[in-house]
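Since the structure is predicted, the reported quantities are computational estimates derived from the model, not experimental observations. Reckoned from all heavy atoms, side chains included, excluding hydrogens, waters and symmetry mates. One-based numbering, in listed order, for ligands and for the atoms of each.
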Amino acid sequence: MKPTDTPKTYRVKSFGCQMNVYDGERMGELLEAKGITPAAEGEDADLVVLNTCHIREKATEKVYSDIGRIRKSGRQHGKDPMIAVAGCVAQAEGEEIMKRSPGVGMVVGPQAYHRLGDMVDRAARGERTTDTDMPENAKFDALPARRRVSPTSFLTVQEGCDKFCTYCVVPYTRGAEISRPYSDLVEEAKKLVDAGAREITLLGQNVNAWSGEDDKGRTVGLERLIHALADLPDLKRIRYTTSHPNDMTDALIAAHGEVDKLMPYLHLPVQSGSDRVLKAMNRSHTAESYLKLLDRFREVRPDIALSGDFIVGFPGETDAEFEDTLRIVDAVRYASAFSFKYSPRPGTPAASMDDQIPLEVMDERLQRLQAALGRDQLAFNEASVGKTCDVLIERKGRRPGQMLGKSPWLQSVFFDADLQIGDMVRAELVQAGPSSLQGRVLESVSA
Ligand code: 5AD
Ligand code: SF4
């Protein structure tokens with residue numbers, strides 16, 4: 001097929017954060033509403049959407065090599081697939097991609113993808129289009145209704161970021177903080193649940209900064225939305241991610257003690273344990289204020305599983321400052337965490353700071369940090385052995401007959417049992433590994 005035919009099949013490849021997973025699902029729904037169907041596994045699609053991430057290393061090079069690979073595979077099978085570049089790399093480098101890659105027919109930013117259908121029509125006429133506008137909330141109103149839903153679904157409630165941490169590209173690629181309206185979100189959640197969602201994760205770059213007007217016209221925060229969703233009888237579990245320490249409210253903390261359906265898990269990035277580094281990062285919290293915040297969560301929900309993000313090797317980070325990060329890890333005992341080497345992002349203040357840290361130093365620090373985090377994750381899992389909890393089955397495991405679900409604390413739990421995706425089972429956690437547990441089904445719980 002020539003690139004100027006209307007595509008019949010599509011594939012969306014999403015990279016990076018859960019927000020991209022959500023956007024990718026919605027782009028899929030939009031293409032399906034146009035009669036374009038998902039390509040079968042292992043088959044070349046007529047239209048490939050690369051839903052890109054710009055947050056860390058080599059994002060742009062990766063996009064170019066993906067484009068090359070898709071075109072090569074297409075040629076081998078007598079196709080010239082239509083290629084759309086979406087996501088944060090599209091937003092940041094769209095013009096450049098259009099110039100350098102004649103095979104790309106569309107560049108569409110994260111706030112503009114509701115126009116993808118129209119762009120596909122234009123590409124079928126041989127036109128190449130770029131759309132990186134950032135109209136507030138416009139895409140959500142223009143997208144078709146939710147159709148493809150898994151038992152564990154995402155719901156984007158807030159987008160963008162005004163925090164401008166000095167290392168981070170998100171405020172530039174995702175734009176200013178905006179909250180979607182309360183009533184739209186309750187409606188979308190109802191549709192997700194009607195379509196089979198049993199767990200909803202509320203998403204936002206600063207999800208705990210969400211605010212809106214409830215059905216009584218009151219200005220409310222995320223906890224109110226959580227309460228409203230908890231009233232949906234068929235919804236069993238609620239989560240939210242990612243939060244910023246500075247936006248945490250008393251009411252949201254209290255919700256962890258009040259709402260049973262709100263899972264005992266909190267992802268609260270700290271990035272560094274050194275106050276000097278935190279200041280240079282423009283994080284506007286200290287190690288101590290962060291620890292105090294966590295104590296308050298533990299007060300209302302003693303079993304809460306804590307998770308965080310870390311960056312090692314921020315410009316100027318000394319050995320002693322890195323030791324402060326290890327100290328905060330020791331103090332918190334995270335159940336899980338994500339840790340990264342600092343990567344200069346073009347256009348961010350930190351990229352032009354003096355004293356960039358050599359790669360070998362970053363490597364060594366990352367190894368030490370990950371050893372500490374791994375130790376704590378294993379300890380958390382081991383402490384769970386013998387507990388009984390509900391597990392929501394999400395997917396097949398790697399071994400035949402194996403199924404995988406999540407515990408309330410977001411641990412992966414494997415079963416060798418005849419289970420279906422979407423089942424909720426009461427299980428005993430019988431054995432712990434570094435990143436998962438083995439479970440034994442006690443009984444099925446209605447989900
Ligand atoms: N370099 C390394 N890690 C980064 N993150 C964000 N920007 C950078 C960067 N320039 C990490 C932070 C953030 C997570 C999503 O990605 O830890 O919380
Ligand atoms: Fe990036 Fe900081 Fe905003 Fe998180 S809070 S998205 S790290 S600028």
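- Listed by first then second residue, pairs satisfying side-chain hydrogen bond (donor to acceptor under 3.5 Å, both in side chains) with a partner in residues 376-385 read R333-D376, N381-Q411, S384-Q411, not counting sequence neighbours.
- Within 6.0 Å of CD in E288 there are 12 or fewer heavy atoms belonging to other residues, nucleotides or ligands.
- Close approach to H244 involves these atoms of ligand 2, each under 4.0 Å from a residue heavy atom: 5 (S).
- Under the side-chain hydrogen bond (donor to acceptor under 3.5 Å, both in side chains) rule, T242 has a single partner from H267, Q205, Q18, which is H267.
- Using a 4.0 Å cut-off between charged side-chain N and carboxylate O, R301 and D303 make a salt bridge.
- A salt bridge is absent between K191 and D194; no separation between the charged side-chain nitrogens and carboxylate oxygens falls under 4.0 Å.
- Within a 6.0 Å sphere centred on CG of D260, heavy atoms belonging to other residues, nucleotides or ligands number 12 at most.
- Of all protein atoms, those that are N, O or S and lie under 2.8 Å from atom 1 (Fe) of ligand 2 total 1.
- Of the charged side-chain nitrogens involved, at least one lies within less than 4.0 Å of a carboxylate oxygen, so that D250 and R296 count as a salt-bridged pair.
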When you check ligand 1 against the protein, what N or O pairs turn up below 3.5 Å? List the atom names and distances, or just say none.
| unit_1 | atom_1 | unit_2 | atom_2 | d |
| --- | --- | --- | --- | --- |
| ligand 1 | 1 (N) | S343 | N | 3.0 |
| ligand 1 | 10 (N) | Y167 | O | 3.0 |
| ligand 1 | 10 (N) | S343 | O | 2.8 |
| ligand 1 | 16 (O) | R56 | NH1 | 2.6 |
| ligand 1 | 17 (O) | Q271 | OE1 | 2.7 |
| ligand 1 | 18 (O) | Q271 | NE2 | 2.9 |
| ligand 1 | 18 (O) | D309 | OD2 | 2.6 |

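- Within the 4.0 angstrom cut-off, atom 4 (Fe) of ligand 2 has no protein heavy-atom neighbours.
- Between E187 and R146 no salt bridge is recorded (no basic side-chain N to carboxylate O distance below 4.0 Å).
- Under a cutoff of 6.0 Å and an axis angle of 45°, R56 and F340 form a cation-pi pair.
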Hey, can you pull the donor-acceptor pairs under 3.5 Å for the side chains in residues 83-90, sequence neighbours left out?
none

